Amino acid sequence: MVPASLVSKTKRVFNFSPGPAVLPLEVLEQAREDLLSLPGVGISILEISHRSPAFDQILESTLADLRSILAVPESHDIVLMQGGASLQFSMLPMNLLRGQSVPAQYLITGTWGALAAKEALREGRVQVAWDGASTQYDRLPADEEIKIDPASAYVHVTSNETIQGVQWNRDPIVGKVPLVSDCSSDFLSRPIDVAAYGLIYACAQKNAGIAGVTAVILRKDLLERSRDDLPTMLDYRTYSKNGSRPNTPPVFAIYILGLVCRWIRDSIGGLAAMKLHNTTKANVLYDLLDASHGFYAGHSHRDCRSQMNVTFRLPTEELEKKFIVQATERGLIDLKGHRSVGGIRASIYNAMPIEGVTALRDFMSAFRDASV
Ligand SMILES: *Cc1c(COP(=O)(O)O)cnc(C)c1O
């Protein structure tokens with residue numbers, strides 16, 4: 001339990017949840033203001049019509065800000081939809097694999113990638129170009145391990161495996177085959193060379209906002225592959241043609257995404273600065289792991305350690321339980337690792353302040369001293 005004194009109205013604890021996750025305080029404060037009455041509109045953001053001029057403006061500026069922050073080229077469209085990243089596991093192969101004679105390739109570096117490949121199997125041929133399961137998904141393939149048949153519909157990777165804490169720190173080399181990336185847990189955390197990708201998708205509730213909205217950035221020519229027998233709401237063309245508003249979109253989730261974009265642009269200074277901030281935070285924890293003489297044993301190899309989800313184990317499960325209880329008492333919450341990996345996972349997304357990370361480091365350091 002978090003002590004009552006830590007959860008008074010004015011004090012927030014440090015939230016290391018893997019998602020839905022910590023939001024920037026500025027964003028929450030703005031949302032609080034607009035919750036009763038949007039300036040110039042006189043009603044709540046929760047009450048406005050999705051066809052109102054006020055929402056026109058919110059949607060337009062959110063899409064424009066995403067485009068400018070990520071430097072999305074003209075060749076690519078940005079659409080917002082619902083259903084989370086999990087729906088993209090299905091929508092992607094429905095649109096780009098259904099009816100094709102060639103397979104889709106999956107590079108599986110963790111739990112989410114495995115789930116994505118499983119869904120694609122329902123739509124067509126799938127080849128697993130690489131799978132890290134034999135070492136519990138603790139590393140990425142080296143370039144020479146990646147063999148992609150040039151006659152493939154697309155290659156799917158998971159930019160950051162949220163559960164294992166394994167992150168791509170380079171664009172995989174896949175030749176001319178369209179590269180697709182599930183960026184759900186590192187979206188807007190660092191610059192990305194969008195032109196190198198055929199399609200990028202990301203749910204918002206890790207780094208970019210709240211649950212309910214998913215961003216898909218796709219090369220416009222790929223839209224031509226979708227077949228007319230797709231259900232309207234599962235066809236990428238529907239969202240592209242109708243400016244992400246074919247029906248009622250998740251108004252509040254888009255509004256929050258817009259606020260997060262503005263926070264990244266104006267308060268952080270863009271994605272290069274965001275990355276620096278995130279690397280600095282991750283290094284605070286990894287430096288401690290490395291200096292702990294194996295007391296804190298990181299899950300992933302050094303060259304692919306996630307800047308977003310720091311995963312590690314303690315010498316015994318009993319110590320891990322004690323660690324979580326004591327951390328919670330200090331206002332460091334949601335540090336339990338995923339049940340499939342165990343141990344500890346500290347998710348330190350964009351909005352986690354450096355103070356949260358140093359508080360965790362200090363706690364870890366003291367916990368180790370008291371345990372060895
Ligand atoms: C959280 C997550 C998902 C699932 O997202 P939902 O919006 O819950 O469907 C998929 N992929 C990755 C990498 C994730 O981190």
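Here the structure is a predicted model, which means the values were calculated and not measured.
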Student: Take the angle between the ring planes of H156 and Y201 and call it parallel below 30°, perpendicular above 60°, tilted in between.
Tutor: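 Tilted.
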Student: Step through the shown structure and confirm whether more than 12 heavy atoms of other residues, nucleotides or ligands are within 6.0 Å of CD on E47.
Tutor: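 Yes - once you tally the heavy atoms of other residues, nucleotides and ligands closer than 6.0 Å, there are more than 12.
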Student: Hey, what's the ring geometry for F295 with F367, parallel, tilted or perpendicular (30° and 60° as the breaks)?
Tutor: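 Because their plane-to-plane angle lies in the 30° to 60° range, the rings of F295 and F367 count as tilted.
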Student: Nearest 0.5 Å, what's the CD1-OG distance between I163 and S340?
Tutor: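 The distance works out to 5.0 Å.
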Student: Quick check: closest heavy atoms across P93 and Q88, and the distance to 0.1 Å?
Tutor: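 Closest approach of P93 to Q88: CD-O, 4.0 Å.
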Student: Is the closest basic N to carboxylate O distance between E74 and K220 below 4.0 Å?
Tutor: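 Yes, this pair counts.
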Student: How are the rings of F323 and F312 set to each other: parallel, tilted or perpendicular (split at 30° and 60°)?
Tutor: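 The arrangement is perpendicular - the two ring planes meet at more than 60°.
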Student: Atom OG of S185 and atom CD of Q307: how far apart are they, to the nearest 0.5 Å?
Tutor: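 One finds 12.0 Å between OG of S185 and CD of Q307.
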Student: Side chains of N309 and T311: any donor to acceptor distance under 3.5 Å?
Tutor: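 There is no such pair between these side chains.
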Student: Check S244 against P246 and note the closest heavy-atom contact, atom names and distance.
Tutor: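 Nearest pair, atom of S244 first, then P246: C-CD, 3.4 Å.
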Student: Atom CD of residue position E317 - does it have more than 12 heavy atoms of other residues, nucleotides or ligands inside 6.0 Å?
Tutor: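 Not more than 12 within 6.0 Å, no.
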Student: Given the rule in the side-chain hydrogen bond (donor to acceptor under 3.5 Å, both in side chains) test, do K281 and N278 qualify, once you have shown the distances and angles that lead to the verdict?
Tutor: CA-CA 5 Å; K281 287 185 297 179; N278 286 326; 3.1 Å; yes
Student: Work out which heavy atom in I69 is nearest to a heavy atom in C261; give both atom names and the distance.
Tutor: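 Smallest interatomic distance, heavy atoms only, reads CD1-O, 3.3 Å.
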Student: Do NZ/NE/NH1/NH2 and the carboxylate oxygens of D290 and R305 come within less than 4.0 Å?
Tutor: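 A salt bridge links D290 with R305.
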Student: Return the minimal non-hydrogen interatomic distance between S300 and G165, and the atom names on each side.
Tutor: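 For S300 versus G165, the nearest heavy atoms are OG-O, 2.9 Å.
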Student: Taking all non-hydrogen atoms of both residues into account, name the closest pair between M352 and N15 and its distance.
Tutor: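 For M352 and N15, the tightest heavy-atom pair comes out as CE-O, 3.1 Å.
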Student: Quick one: which of D171, D186, D182 gives a side-chain hydrogen bond (donor to acceptor under 3.5 Å, both in side chains) with S159?
Tutor: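 Considering D171, D186, D182, a side-chain hydrogen bond (donor to acceptor under 3.5 Å, both in side chains) with S159 is found only for D186.
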Student: Between D303 and R170, is a salt bridge (charged side-chain N to carboxylate O under 4.0 Å, His left out) present by the stated rule, with each step listed?
Tutor: CA-CA 11 Å; D303 62 356; R170 61 185 203 273; over 6 Å; no
Student: Which pairs pass salt bridge (Lys or Arg N to Asp or Glu O under 4.0 Å) with one or both residues in residues 76-97, sequence neighbours excluded?
Tutor: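 Output for this query is empty, none listed.
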Student: With the threshold set at 4.0 Å, does a side-chain nitrogen-carboxylate oxygen contact exist between D235 and K241?
Tutor: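 Salt bridge between D235 and K241, a charged N being under 4.0 Å from a carboxylate O: no.
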Student: Show the nearest heavy-atom pair for residues V126 and L121, with the distance to one decimal.
Tutor: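 That would be CG2-N, 3.6 Å.
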Student: Mark yes when over 12 heavy atoms from residues, nucleotides or ligands other than R51 sit less than 6.0 Å from its CZ; otherwise mark no.
Tutor: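 Yes, CZ of R51 has more than 12 neighbouring heavy atoms, counting only those of other groups under 6.0 Å.
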Student: Do the side-chain N and O atoms of Q127 and D149 include a donor-acceptor pair separated by under 3.5 angstrom?
Tutor: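 Result is no, nothing qualifies.
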Student: Can you list everything that forms a side chain to side chain contact (heavy atoms under 4.5 Å, CB included) with P18? Sequence neighbours excluded, please.
Tutor: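 Only R345, S347, Y349 meet the side chain to side chain contact (heavy atoms under 4.5 Å, CB included) criterion with P18.
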